[in-house]
Amino acid sequence: MSQDAVVLMKQEVGRAAAQRVQSNCIVGLGTGSTTAYAIEYIGERLAKGEISNVVGIPTSYQAEVLARKYGIPLTTLDVVDHIDIAIDGADEVDPHKNLIKGGGAAHTREKIVDSLADLFIVVVDSSKIVEKLGSTFPLPVEVIPMAVTPVMRQLERLGGKPELRMGVKKAGPVVTDQGNLVIDVKFDSIDNPAELEKTINNIPGVVENGLFVGLADVILVGEIVDGKPRVREIS
Ligand code: 5RP
C-alpha cells in the first residue's frame with residue numbers, strides 16, 4: 001500500500017468521524033495522525049457554521065495544539081460531567097473491537113477520555129485490522145521512571161519481550177505528557193486481552209497499558225476500493 005493511499009484512507013475516515021459530531025456536544029479528541037484529520041474537519045465544520053457549541057477534551061498535547069489550530073474550544077474533566085462522543089485512533093483492532101493503542105504514547109489519557117464517552121468511535125485505516133491483538137504491534141506500557149527495570153522483569157515473566165521506547169529527533173527515551181516512560185512489549189500472541197490488561201496494570205509502577213477491552217462502540221475503517229477511498233463501519 002502506498003503512502004498516498006494510507007493518507008487518503010486516514011483523511012476519509014477522519015472526515016466520516018467528524019460528520020458524527022453534532023451541535024451542543026462535548027467531544028473527546030484523540031491522538032495520532034488519523035484523529036488529526038478528524039480534529040481538522042470538526043474545526044472546519046465549526047468555522048462553516050454547520051455545527052456550533054462544540055467543546056473538546058484533548059487526550060494529549062498534540063490534540064490540544066491541533067484543537068487550538070483548528071478553532072475548537074477546549075475544556076477539562078473538572079468542568080464537564082460527561083463526554084458525548086470520543087474520536088480516537090488505534091494501532092490494532094481485533095474482531096471483538098478490542099484495541100491496542102499507545103503508538104503515540106498517549107494511551108493513559110486516551111483511556112480516561114475514551115472510557116468516559118457515551119459513544120467511542122475508533123478511526124483506523126485497513127492495515128490496523130487484525131485477527132488477534134499483538135500480531136503486528138507491541139503493547140505500550142506507561143511506567144513511572146524509577147520502576148522501569150523491575151517492571152521490565154515482570155513483563156518478561158509474563159512472556160513478553162520489553163523494550164524501552166526511544167525518542168526520534170530527541171536523544172534518550174520518550175517521555176510521556178505525564179513525565180513517565182513507555183515500555184513496548186512484544187507478545188507472541190495475546191490470547192486473553194482482558195486478563196492481560198488487568199495483570200499488567202497490577203504491576204507496581206505501571207500507570208496504564210494500551211489494551212482497550214470492551215470500550216469501542218464503533219470502528220470506522222478507511223479502505224481503498226477500486227482505487228477510491230471509502231469508509232466501512234463495524235458496530
Ligand atoms: C496514540 C494512539 C494513536 O491513536 C494510535 O497510535 C494510532 O495513530 P495513527 O492514527 O497515527 O496511526 O493510540 O497514543
Side-chain angles (χ1 to χ4, degrees), residues 1-18 27-42 56-67 85-94 97-115 117 120-130 133-143 165-168 173-186 190 193 197 200 206-213 215-224 229 231:
M1 184 80 59
S2 75
Q3 270 313 100
D4 287 354
V6 172
V7 169
L8 277 178
M9 290 190 283
K10 289 182 178 190
Q11 284 173 333
E12 197 70 8
V13 85
R15 191 176 286 116
V27 190
L29 302 171
T31 301
S33 55
T34 318
T35 317
Y37 289 116
I39 295 175
E40 179 178 344
Y41 295 130
I42 293 169
I57 305 218
T59 56
S60 60
Y61 288 136
Q62 184 210 30
E64 197 174 320
V65 166
L66 287 172
I85 176 172
I87 299 170
D88 207 342
D91 302 299
E92 284 189 349
V93 180
D94 81 2
K97 293 188 285 184
N98 295 326
L99 319 172
I100 284 184
K101 287 186 50 53
H107 55 279
T108 298
R109 290 193 198 191
E110 290 174 326
K111 201 180 276 189
I112 295 167
V113 171
D114 298 344
S115 69
F120 173 25
I121 299 181
V122 179
V123 285
V124 288
D125 64 77
S126 56
S127 69
K128 307 290 185 68
I129 305 296
V130 296
L133 292 182
S135 31
T136 61
F137 205 82
L139 177 65
V141 179
E142 179 166 354
V143 180
R165 190 182 297 183
M166 302 308 281
V168 176
V174 166
V175 178
T176 68
D177 290 356
Q178 293 75 240
N180 296 315
L181 304 180
V182 175
I183 300 172
D184 289 310
V185 197
K186 187 73 192 98
I190 298 179
E197 181 186 14
I200 293 178
V206 169
V207 179
E208 187 55 86
N209 72 78
L211 283 166
F212 283 44
V213 178
L215 289 183
D217 296 302
V218 173
I219 316 284
L220 297 179
V221 188
E223 300 175 321
I224 300 284
V231 174

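Atoms within each ligand, like the ligands themselves, are counted from 1 in listed order.
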Exercise. With side chains defined as the heavy atoms from C-beta onward, is the minimum distance between Tyr41 and Gln11 less than 4.5 Å?
Worked result: yes
Exercise. Got the residues with a heavy atom under 4.0 Å of ligand 1, by chain and number?
Worked result: Lys10, Thr31, Gly32, Ser33, Thr34, Asp88, Gly89, Ala90, Asp91, Lys101, Gly102, Gly103, Gly104, Ala105, Ala106, His107, Glu110, Lys128
Exercise. Picking from Gln178, His107, Arg165, Arg109, what satisfies side-chain hydrogen bond (donor to acceptor under 3.5 Å, both in side chains) with Glu142?
Worked result: Gln178
Exercise. What are the two closest heavy atoms between Asp114 and Ala86, and how far apart are they?
Worked result: OD1-CB, 3.7 Å
Problem set entry | Test salt bridge (charged side-chain N to carboxylate O under 4.0 Å, His left out) applied to Glu208 - qualifying residues, sequence neighbours left out | Lys111
For this session: Supply the atom-to-atom distance Glu64 CD to Thr31 OG1, rounded to the nearest 0.5 angstrom.
Result: 10.5 Å
Problem set entry | Considering all heavy atoms, the nearest Phe120-Ala216 contact | CD2-CA, 3.5 Å
